[in-house]
Structure formats: structure tokens, C-alpha cells
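Along the sequence shown, residues are numbered consecutively beginning with 1.
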Amino acid sequence: MKIASLTGVVLALTAVTVTAPAASAAPLHAPARHGSAHHAASQRIPFTGATVTAGDDGSYRIVWKAPGVRQVVVRAAGRVVARGGATGDVTVRGLPAADRRWFDLVPGHGGSLRLADRLIRLDGAVNFRVLSTIL
């Protein structure tokens, strides 16, 4: 009975995974369509790498690379929380609690990038395999 239940859960999760839409990267602000190649190039996202990592103390470490950009402004909840150059490694503290914290990386030129920590916390579950012990 336990194995049949677990098989049903695994099949259901597999079906969800197969039918879920793929995520795509997009600029925070979509470029206006002016028909100008220069305008389209100015809206390209200049970041070649960027990560957000949540700390156990409520802090967030934000690291990025944006070659050719002089300044990057980091915003959270509508306010500036950090600034940096073409490469950055900042730790942000003191933000109000939230289920998931999103950060906007706004370069001096080009399109913005919106990021969040990739870890989704599940209270009471160390990892997904714990599910099999519950069934």
C-alpha cells in the first residue's frame, strides 16, 4: 500500500514537471519598439552572471558581473539597498521579512535584471526524500 501511494505521488509530480511552462529570462522593463537598432541594443541586459544567496541571519549576498557598465544600482522593495560597478559582491541586511525577496539590478545603461534566492524553504522537510517517510 505504501509503495502504491508513493508511486502515485511520483507519477503526479512527474506529470506536473512535464507540463509546467519553462522559465525565461526577460528584461525588467520591456524595450519600446522604435524600430531603431541602437535602441534595441541599449535595452539588452548587460549581465553575464548574477546570483542572490539568502543567509541564515536574514541577510542577502548579491554577486554580479556586467562588463562595460560603470554603475549598478541594487533595489529591493522599491528602494536602493546597494550600489556597485561592473562587478559587485554586496551583502544586504535589515530588510523586512518576506516569503521571498526579489532584487532588481539596474545598470547605468541597458536592461535591468530581477533576481531572487533560488532556495525555496519547506518548513519541517530537510529534503524532498522526506516525503517517502510520510506516506
Side-chain angles (χ1 to χ4, degrees):
M1 182 80 164
K2 251 182 154 176
I3 293 174
S5 297
L6 180 58
T7 302
V9 170
V10 171
L11 289 174
L13 290 173
T14 303
V16 170
T17 302
V18 171
T19 59
S24 61
L28 179 60
H29 304 288
R33 305 214 188 258
H34 294 281
S36 165
H38 174 71
H39 180 75
S42 71
Q43 291 301 309
R44 288 191 183 123
I45 299 173
F47 297 94
T48 59
T51 60
V52 173
T53 307
D56 292 335
D57 61 352
S59 66
Y60 295 89
R61 181 176 179 219
I62 306 159
V63 179
W64 70 86
K65 290 182 183 179
V69 172
R70 287 191 165 171
Q71 181 177 358
V72 173
V73 174
V74 180
R75 296 180 174 272
R79 67 182 181 103
V80 175
V81 295
R83 295 178 189 273
T87 60
D89 186 340
V90 298
T91 300
V92 178
R93 292 181 172 83
L95 295 175
D99 289 337
R100 191 149 197 211
R101 176 64 59 195
W102 290 88
F103 294 90
D104 296 323
L105 279 63
V106 183
H109 63 80
S112 299
L113 184 65
R114 178 168 273 183
L115 303 174
D117 181 20
R118 292 181 65 183
L119 178 65
I120 299 174
R121 289 167 176 53
L122 299 174
D123 290 337
V126 176
N127 64 43
F128 189 71
R129 290 175 290 198
V130 173
L131 180 63
S132 66
T133 63
I134 296 171
L135 299 174

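Under the 4.5 Å side-chain contact rule for hydrophobic residues, V63 and V72 do not share a cluster.
For the atom pair CZ (F103) and CG (L113), the distance works out to 12.5 Å, reported to the nearest 0.5 Å.
For the residue pair W64 and G84, the shortest heavy atom distance occurs at CZ2-CA, 3.7 Å. P107 approaches S112 most closely through the heavy-atom pair CD-CA, 3.9 Å. For the residue pair Q71 and R83, the shortest heavy atom distance occurs at NE2-NH1, 3.0 Å.
Of the options V81, L105, D104, a side-chain contact (heavy atoms from CB on, under 4.5 Å) to R75 is made by D104 and by none of the others.
No donor-acceptor distance shorter than 3.5 angstrom exists from the side chain of H109 to the backbone of R70, with no hydrogens or angles considered.
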Could you pull out all donor-acceptor pairs under 3.5 Å where a side-chain atom in residues 47-54 meets a protein atom, sequence neighbours excluded?
none

Tabulate below the donor-acceptor pairs under 3.5 Å that side-chain atoms of residues 88-95 make, not counting sequence neighbours, or state none.
unit_1 : atom_1 : unit_2 : atom_2 : d
D89    : OD1    : R61    : NE     : 2.9
D89    : OD2    : R61    : NE     : 3.4
D89    : OD2    : R61    : NH2    : 2.5

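The closest side-chain heavy-atom distance from P46 to K65 is not below 4.5 Å.
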